[in-house]
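First up is the structure itself, then whatever we jot down about it.
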Amino acid sequence: MTSAHLSLTVAAGLRRTILWTRLLRRATPWLFSLPAVVFVAMFFGYPIVQNVVMSFQEYTTSTFYSGQAPWVGLANYATILSSYLFTTTLVNTALFTIGSITFQFVIGLALALFFKRTFPLSGFLRSMLLLPWLIPLIASSAVWKWLLDQESGALNQFLGLFGVPAVPWLVDPTLALAGVIIVNIWLGIPFNVAILYSGLQAVPKELYEAGSLDGATGWTAFRHITWPNLRPVVSVVIVLGVVYTLKVVDIILGLTGGGPANSTQTLATNAYNKSFVEFNFGEGAAISNVLIVVSLAFALVYLYLSRREPSE
(Lines give C-alpha, C1' and ligand atoms only; values in the text may rest on other atoms or scores of the structure.)
Protein backbone atom coordinates (compact mmCIF):
# COMPACT_ATOMS: atom_id res chain seq x y z
CA MET A 1 0.00 0.00 0.00
CA THR A 2 1.43 3.35 -1.00
CA SER A 3 1.74 6.28 1.33
CA ALA A 4 -1.02 8.10 -0.63
CA HIS A 5 -3.48 5.24 -0.13
CA LEU A 6 -2.53 5.03 3.54
CA SER A 7 -3.14 8.74 4.00
CA LEU A 8 -6.57 8.45 2.35
CA THR A 9 -7.48 5.49 4.56
CA VAL A 10 -6.42 7.31 7.70
CA ALA A 11 -8.32 10.44 6.64
CA ALA A 12 -11.47 8.41 5.94
CA GLY A 13 -11.15 6.73 9.36
CA LEU A 14 -10.75 10.09 11.05
CA ARG A 15 -13.84 11.45 9.27
CA ARG A 16 -15.89 8.43 10.39
CA THR A 17 -14.64 8.84 13.95
CA ILE A 18 -15.46 12.54 13.99
CA LEU A 19 -18.92 11.82 12.51
CA TRP A 20 -19.70 9.16 15.10
CA THR A 21 -18.41 11.41 17.87
CA ARG A 22 -20.70 14.22 16.76
CA LEU A 23 -23.68 11.87 16.47
CA LEU A 24 -22.99 10.43 19.89
CA ARG A 25 -22.63 13.91 21.37
CA ARG A 26 -25.98 14.94 19.92
CA ALA A 27 -27.68 11.70 20.93
CA THR A 28 -26.35 11.65 24.51
CA PRO A 29 -28.93 14.13 25.93
CA TRP A 30 -31.73 12.14 24.28
CA LEU A 31 -30.38 8.88 25.66
CA PHE A 32 -30.34 10.32 29.18
CA SER A 33 -33.90 11.62 28.66
CA LEU A 34 -35.16 8.32 27.27
CA PRO A 35 -35.96 6.67 30.67
CA ALA A 36 -38.01 9.70 31.72
CA VAL A 37 -39.82 9.79 28.36
CA VAL A 38 -40.64 6.08 28.64
CA PHE A 39 -41.86 6.52 32.23
CA VAL A 40 -44.10 9.47 31.33
CA ALA A 41 -45.48 7.67 28.28
CA MET A 42 -46.27 4.50 30.23
CA PHE A 43 -47.67 5.94 33.45
CA PHE A 44 -49.14 9.26 32.25
CA GLY A 45 -49.55 9.22 28.49
CA TYR A 46 -51.12 5.77 28.15
CA PRO A 47 -53.75 6.29 30.91
CA ILE A 48 -54.80 9.62 29.39
CA VAL A 49 -55.10 8.12 25.90
CA GLN A 50 -57.01 5.13 27.31
CA ASN A 51 -59.33 7.48 29.19
CA VAL A 52 -60.07 9.39 25.99
CA VAL A 53 -60.76 6.16 24.10
CA MET A 54 -62.96 4.87 26.94
CA SER A 55 -65.09 8.03 26.79
CA PHE A 56 -66.19 7.02 23.27
CA GLN A 57 -67.17 3.51 24.36
CA GLU A 58 -69.94 1.87 26.34
CA TYR A 59 -67.52 0.69 29.00
CA THR A 60 -69.16 -1.07 31.97
CA THR A 61 -68.38 -3.89 34.40
CA SER A 62 -69.45 -6.48 31.80
CA THR A 63 -66.62 -5.23 29.59
CA PHE A 64 -64.07 -6.68 32.01
CA TYR A 65 -65.52 -10.16 31.44
CA SER A 66 -66.55 -10.01 27.79
CA GLY A 67 -63.76 -7.74 26.57
CA GLN A 68 -66.35 -5.98 24.39
CA ALA A 69 -66.86 -2.25 24.72
CA PRO A 70 -69.13 -1.02 21.88
CA TRP A 71 -68.12 2.22 20.21
CA VAL A 72 -70.78 4.87 20.90
CA GLY A 73 -69.03 7.99 19.58
CA LEU A 74 -70.11 11.19 21.30
CA ALA A 75 -73.08 9.58 23.05
CA ASN A 76 -71.40 9.69 26.47
CA TYR A 77 -70.60 13.39 26.09
CA ALA A 78 -74.13 14.12 24.91
CA THR A 79 -75.54 12.29 27.94
CA ILE A 80 -73.45 14.11 30.54
CA LEU A 81 -73.83 17.53 28.92
CA SER A 82 -77.62 17.17 28.74
CA SER A 83 -77.88 15.86 32.30
CA TYR A 84 -79.56 18.11 34.85
CA LEU A 85 -76.61 17.47 37.16
CA PHE A 86 -73.99 18.83 34.77
CA THR A 87 -74.91 22.49 35.27
CA THR A 88 -75.05 22.01 39.03
CA THR A 89 -71.65 20.33 39.17
CA LEU A 90 -70.13 22.94 36.86
CA VAL A 91 -71.35 25.82 39.03
CA ASN A 92 -70.29 24.04 42.23
CA THR A 93 -66.86 23.35 40.75
CA ALA A 94 -66.43 27.02 39.83
CA LEU A 95 -67.56 28.25 43.27
CA PHE A 96 -65.47 25.66 45.08
CA THR A 97 -62.36 26.50 43.05
CA ILE A 98 -62.69 30.29 43.13
CA GLY A 99 -63.55 30.38 46.84
CA SER A 100 -60.75 28.01 47.80
CA ILE A 101 -58.02 29.57 45.66
CA THR A 102 -58.88 33.16 46.60
CA PHE A 103 -58.72 32.68 50.35
CA GLN A 104 -55.86 30.18 50.23
CA PHE A 105 -53.75 32.66 48.30
CA VAL A 106 -54.68 35.77 50.31
CA ILE A 107 -54.19 34.09 53.69
CA GLY A 108 -51.07 32.26 52.47
CA LEU A 109 -49.52 35.51 51.17
CA ALA A 110 -50.34 37.33 54.41
CA LEU A 111 -48.72 34.58 56.48
CA ALA A 112 -45.69 34.44 54.16
CA LEU A 113 -45.18 38.20 54.57
CA PHE A 114 -45.62 37.83 58.33
CA PHE A 115 -43.01 35.07 58.61
CA LYS A 116 -40.59 36.97 56.41
CA ARG A 117 -39.62 38.86 59.53
CA THR A 118 -37.50 36.83 61.90
CA PHE A 119 -38.74 36.58 65.47
CA PRO A 120 -38.50 33.97 68.26
CA LEU A 121 -40.07 30.61 67.31
CA SER A 122 -40.71 31.76 63.73
CA GLY A 123 -39.08 28.62 62.32
CA PHE A 124 -41.07 26.38 64.66
CA LEU A 125 -44.35 28.08 63.77
CA ARG A 126 -43.60 27.79 60.03
CA SER A 127 -43.03 24.08 60.45
CA MET A 128 -46.30 23.75 62.40
CA LEU A 129 -48.13 25.35 59.49
CA LEU A 130 -47.15 22.36 57.34
CA LEU A 131 -49.07 19.90 59.54
CA PRO A 132 -52.41 20.23 57.69
CA TRP A 133 -50.53 19.48 54.46
CA LEU A 134 -48.93 16.34 55.93
CA ILE A 135 -52.05 14.76 57.42
CA PRO A 136 -53.83 12.32 55.07
CA LEU A 137 -56.79 14.07 53.47
CA ILE A 138 -59.33 11.43 54.45
CA ALA A 139 -58.19 11.77 58.08
CA SER A 140 -58.47 15.55 57.90
CA SER A 141 -61.97 15.34 56.45
CA ALA A 142 -63.01 12.95 59.24
CA VAL A 143 -61.77 15.37 61.91
CA TRP A 144 -63.44 18.33 60.24
CA LYS A 145 -66.69 16.39 59.88
CA TRP A 146 -66.70 16.01 63.64
CA LEU A 147 -65.78 19.68 64.17
CA LEU A 148 -68.63 20.86 61.92
CA ASP A 149 -71.24 18.41 63.20
CA GLN A 150 -74.51 20.20 63.92
CA GLU A 151 -75.29 18.46 67.20
CA SER A 152 -71.96 17.67 68.86
CA GLY A 153 -69.43 19.57 66.74
CA ALA A 154 -66.76 21.59 68.57
CA LEU A 155 -67.38 24.66 66.41
CA ASN A 156 -71.09 24.81 67.21
CA GLN A 157 -70.37 24.20 70.89
CA PHE A 158 -67.96 27.14 70.83
CA LEU A 159 -70.48 29.36 69.05
CA GLY A 160 -73.11 28.27 71.59
CA LEU A 161 -71.10 29.97 74.33
CA PHE A 162 -72.03 33.27 72.67
CA GLY A 163 -75.67 32.35 72.19
CA VAL A 164 -75.35 31.42 68.52
CA PRO A 165 -77.72 28.57 67.59
CA ALA A 166 -76.30 25.39 66.10
CA VAL A 167 -75.34 25.86 62.45
CA PRO A 168 -76.01 22.95 60.05
CA TRP A 169 -72.66 23.33 58.29
CA LEU A 170 -72.74 20.08 56.33
CA VAL A 171 -76.43 19.14 56.21
CA ASP A 172 -77.99 22.35 54.90
CA PRO A 173 -77.85 22.58 51.07
CA THR A 174 -77.28 26.33 51.32
CA LEU A 175 -74.30 26.01 53.69
CA ALA A 176 -72.71 22.67 52.81
CA LEU A 177 -70.59 24.01 49.95
CA ALA A 178 -69.31 26.84 52.14
CA GLY A 179 -68.37 24.31 54.82
CA VAL A 180 -66.44 22.21 52.33
CA ILE A 181 -64.68 25.31 50.99
CA ILE A 182 -63.60 26.28 54.52
CA VAL A 183 -62.00 22.87 55.03
CA ASN A 184 -60.25 23.01 51.66
CA ILE A 185 -58.92 26.50 52.44
CA TRP A 186 -57.43 25.16 55.68
CA LEU A 187 -55.78 22.30 53.81
CA GLY A 188 -54.38 24.51 51.03
CA ILE A 189 -52.88 27.33 53.09
CA PRO A 190 -49.61 25.46 53.94
CA PHE A 191 -48.82 24.95 50.24
CA ASN A 192 -49.33 28.65 49.51
CA VAL A 193 -47.27 29.72 52.52
CA ALA A 194 -44.38 27.41 51.66
CA ILE A 195 -44.10 28.45 48.01
CA LEU A 196 -44.75 32.16 48.54
CA TYR A 197 -42.33 32.32 51.48
CA SER A 198 -39.63 30.79 49.26
CA GLY A 199 -40.41 33.38 46.61
CA LEU A 200 -40.13 36.22 49.12
CA GLN A 201 -36.74 34.95 50.29
CA ALA A 202 -35.49 35.20 46.69
CA VAL A 203 -36.26 38.92 46.42
CA PRO A 204 -32.93 40.79 46.77
CA LYS A 205 -32.73 42.82 49.99
CA GLU A 206 -30.81 45.48 48.09
CA LEU A 207 -34.01 46.45 46.30
CA TYR A 208 -35.74 47.22 49.59
CA GLU A 209 -32.73 49.18 50.80
CA ALA A 210 -32.67 51.21 47.59
CA GLY A 211 -36.43 51.69 47.74
CA SER A 212 -36.33 52.89 51.33
CA LEU A 213 -33.98 55.69 50.27
CA ASP A 214 -36.71 56.88 47.91
CA GLY A 215 -39.40 56.49 50.55
CA ALA A 216 -40.77 53.19 49.23
CA THR A 217 -41.84 51.38 52.40
CA GLY A 218 -44.87 49.41 53.50
CA TRP A 219 -47.54 49.11 50.84
CA THR A 220 -45.48 51.07 48.31
CA ALA A 221 -42.56 48.66 48.66
CA PHE A 222 -44.89 45.69 48.34
CA ARG A 223 -46.52 47.10 45.21
CA HIS A 224 -43.39 48.17 43.36
CA ILE A 225 -40.77 45.72 44.68
CA THR A 226 -42.27 42.62 46.26
CA TRP A 227 -45.17 41.95 43.90
CA PRO A 228 -43.27 42.35 40.58
CA ASN A 229 -40.55 39.99 41.79
CA LEU A 230 -43.09 37.55 43.17
CA ARG A 231 -45.18 37.31 40.01
CA PRO A 232 -43.50 34.16 38.58
CA VAL A 233 -44.05 32.35 41.89
CA VAL A 234 -47.63 33.57 42.05
CA SER A 235 -48.28 32.11 38.60
CA VAL A 236 -47.02 28.72 39.76
CA VAL A 237 -49.08 28.83 42.96
CA ILE A 238 -52.29 29.84 41.19
CA VAL A 239 -52.03 27.36 38.33
CA LEU A 240 -51.07 24.40 40.54
CA GLY A 241 -53.68 25.38 43.11
CA VAL A 242 -56.48 25.55 40.54
CA VAL A 243 -55.50 22.26 38.89
CA TYR A 244 -55.33 20.56 42.29
CA THR A 245 -58.62 22.05 43.51
CA LEU A 246 -60.51 21.11 40.36
CA LYS A 247 -59.79 17.43 40.98
CA VAL A 248 -60.50 17.33 44.73
CA VAL A 249 -62.57 14.25 45.53
CA ASP A 250 -61.56 12.77 48.87
CA ILE A 251 -62.31 15.86 50.95
CA ILE A 252 -65.82 16.23 49.55
CA LEU A 253 -66.58 12.52 49.80
CA GLY A 254 -65.30 12.44 53.38
CA LEU A 255 -67.36 15.45 54.47
CA THR A 256 -70.64 15.28 52.56
CA GLY A 257 -70.41 12.57 49.90
CA GLY A 258 -71.57 15.18 47.38
CA GLY A 259 -74.76 15.95 49.26
CA PRO A 260 -77.06 17.11 50.59
CA ALA A 261 -79.18 17.26 47.43
CA ASN A 262 -76.03 17.42 45.26
CA SER A 263 -75.17 20.80 46.75
CA THR A 264 -71.48 19.84 47.01
CA GLN A 265 -71.29 17.67 43.91
CA THR A 266 -68.50 18.75 41.56
CA LEU A 267 -67.22 17.52 38.22
CA ALA A 268 -64.58 15.43 40.00
CA THR A 269 -67.00 13.78 42.43
CA ASN A 270 -69.51 13.23 39.62
CA ALA A 271 -66.83 11.46 37.57
CA TYR A 272 -66.00 9.32 40.61
CA ASN A 273 -69.64 8.39 41.17
CA LYS A 274 -70.20 7.54 37.52
CA SER A 275 -67.13 5.32 37.40
CA PHE A 276 -66.95 3.68 40.82
CA VAL A 277 -70.50 3.84 42.16
CA GLU A 278 -72.63 3.42 39.03
CA PHE A 279 -69.80 1.58 37.18
CA ASN A 280 -70.51 3.56 34.02
CA PHE A 281 -66.87 4.04 33.09
CA GLY A 282 -67.60 5.57 29.69
CA GLU A 283 -69.55 8.52 31.11
CA GLY A 284 -67.10 8.83 34.00
CA ALA A 285 -64.22 9.09 31.52
CA ALA A 286 -66.14 11.71 29.53
CA ILE A 287 -66.62 13.88 32.63
CA SER A 288 -62.92 13.45 33.47
CA ASN A 289 -61.97 14.65 29.99
CA VAL A 290 -64.19 17.71 30.39
CA LEU A 291 -62.36 18.41 33.64
CA ILE A 292 -58.98 18.06 31.89
CA VAL A 293 -60.05 20.50 29.18
CA VAL A 294 -61.24 23.02 31.79
CA SER A 295 -57.93 22.73 33.66
CA LEU A 296 -55.84 23.16 30.51
CA ALA A 297 -57.94 26.08 29.31
CA PHE A 298 -57.53 27.92 32.61
CA ALA A 299 -53.79 27.22 32.77
CA LEU A 300 -53.17 28.42 29.22
CA VAL A 301 -55.30 31.56 29.58
CA TYR A 302 -53.79 32.49 32.94
CA LEU A 303 -50.20 31.93 31.81
CA TYR A 304 -50.85 33.93 28.64
CA LEU A 305 -52.31 36.87 30.57
CA SER A 306 -49.58 36.76 33.23
CA ARG A 307 -46.89 36.97 30.54
CA ARG A 308 -48.62 39.78 28.68
CA GLU A 309 -49.15 42.11 31.63
CA PRO A 310 -45.51 43.04 32.36
CA SER A 311 -44.94 44.19 28.78
CA GLU A 312 -48.04 46.27 28.62
Side-chain angles (χ1 to χ4, degrees), residues 44 48 51 85-112 129-145 148 169-170 175-199 232-259 262-276 284 287-306:
F44 292 93
I48 291 175
N51 193 74
L85 195 58
F86 181 77
T87 303
T88 301
T89 57
L90 192 62
V91 172
N92 288 344
T93 300
L95 294 176
F96 178 72
T97 303
I98 294 172
S100 297
I101 295 302
T102 300
F103 287 97
Q104 284 176 2
F105 178 77
V106 172
I107 298 174
L109 180 59
L111 289 173
L129 278 175
L130 294 176
L131 286 179
W133 201 20
L134 301 176
I135 300 174
L137 294 180
I138 195 66
S140 298
S141 61
V143 172
W144 273 98
K145 189 173 184 178
L148 298 176
W169 294 103
L170 301 177
L175 294 175
L177 185 60
V180 173
I181 291 174
I182 290 173
V183 177
N184 195 55
I185 291 171
W186 179 80
L187 291 169
I189 287 175
F191 171 77
N192 284 262
V193 174
I195 303 300
L196 292 172
Y197 179 80
S198 300
V233 179
V234 171
S235 297
V236 173
V237 170
I238 295 296
V239 172
L240 292 181
V242 169
V243 171
Y244 170 79
T245 305
L246 285 173
K247 64 183 183 66
V248 166
V249 173
D250 36 19
I251 299 171
I252 298 175
L253 293 181
L255 290 171
T256 63
N262 295 317
S263 60
T264 58
Q265 195 81 258
T266 63
L267 289 173
T269 59
N270 192 22
Y272 174 87
N273 288 330
K274 285 290 184 182
S275 297
F276 302 108
I287 299 174
S288 300
N289 291 331
V290 171
L291 195 57
I292 291 174
V293 171
V294 172
S295 302
L296 288 176
F298 169 82
L300 292 174
V301 170
Y302 180 81
L303 291 175
Y304 173 74
L305 293 177
S306 64

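The analysis underlying the following values was restricted to heavy atoms, covering all of them including side chains, and did not include hydrogens, waters or symmetry mates.
- Distance alone, capped at 3.5 Å, is enough to place a donor-acceptor pair between the Asn92 side chain and the Asn262 backbone.
- For the side-chain contact (heavy atoms from CB on, under 4.5 Å) test, residues two or more places apart in sequence or in another chain that qualify with Leu296 are Ile292.
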Would Val249 and Thr266 count as a side chain to side chain contact (heavy atoms under 4.5 Å, CB included) here? Give the steps. CA-CA 8 Å; Val249 173; Thr266 63; over 6 Å; no
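- When all heavy atoms of Phe298 and Val239 are compared, the closest pair comes out as CE2-CA, 4.3 Å.
- Interatomic distance, Thr269 OG1 to Leu253 CG, rounded to the nearest 0.5 Å: 6.5 Å.
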Would Leu170 and Lys145 satisfy side chain to side chain contact (heavy atoms under 4.5 Å, CB included), going step by step from the backbone distance to the final call? CA-CA 8 Å; Leu170 301 177; Lys145 189 173 184 178; 4.1 Å; yes
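- How far CG of Leu291 is from CG of Leu246: 5.5 Å, rounded to the nearest 0.5 Å.
- Closest non-hydrogen pair, Leu255 versus Ser141, comes out as CD2-O, 3.3 Å.
- Counting all heavy atoms, side chain and backbone alike, Ala112 lies closest to Val193 at CB-O, 4.2 Å.
- Crowding of Phe103 atom CZ: a count of heavy atoms from other residues, nucleotides or ligands under 6.0 Å not exceeding 12.
- Atom OG1 in Thr97 sits 12.0 Å away from atom NZ in Lys247 (nearest 0.5 Å).
- Put simply, the residue from Val248, Val180, Ile251, Asn184 that forms a side-chain contact (heavy atoms from CB on, under 4.5 Å) with Ser100 is Asn184.
- For the residue pair Trp186 and Pro190, the shortest heavy atom distance occurs at O-CD, 3.5 Å.
- The ring-ring contact (aromatic ring centres under 6.0 Å, His included) check on Phe86 picks up nothing, with sequence neighbours excluded.
- In this structure Tyr272 satisfies the ring-ring contact (aromatic ring centres under 6.0 Å, His included) test together with Phe276, sequence neighbours excluded.
- Heavy-atom minimum distance, Ala271 versus Gly284: CB-O, 3.8 Å.
- The heavy-atom pair separating Thr93 from Leu267 by the smallest distance is OG1-N, 2.9 Å.
- Atom CG of Asn192 and atom CD1 of Ile195 lie 8.5 Å apart (nearest 0.5 Å).
- Counted within 6.0 Å of CH2 on Trp169, heavy atoms from surrounding residues, nucleotides or ligands total 12 or fewer; the atom is thus considered open.
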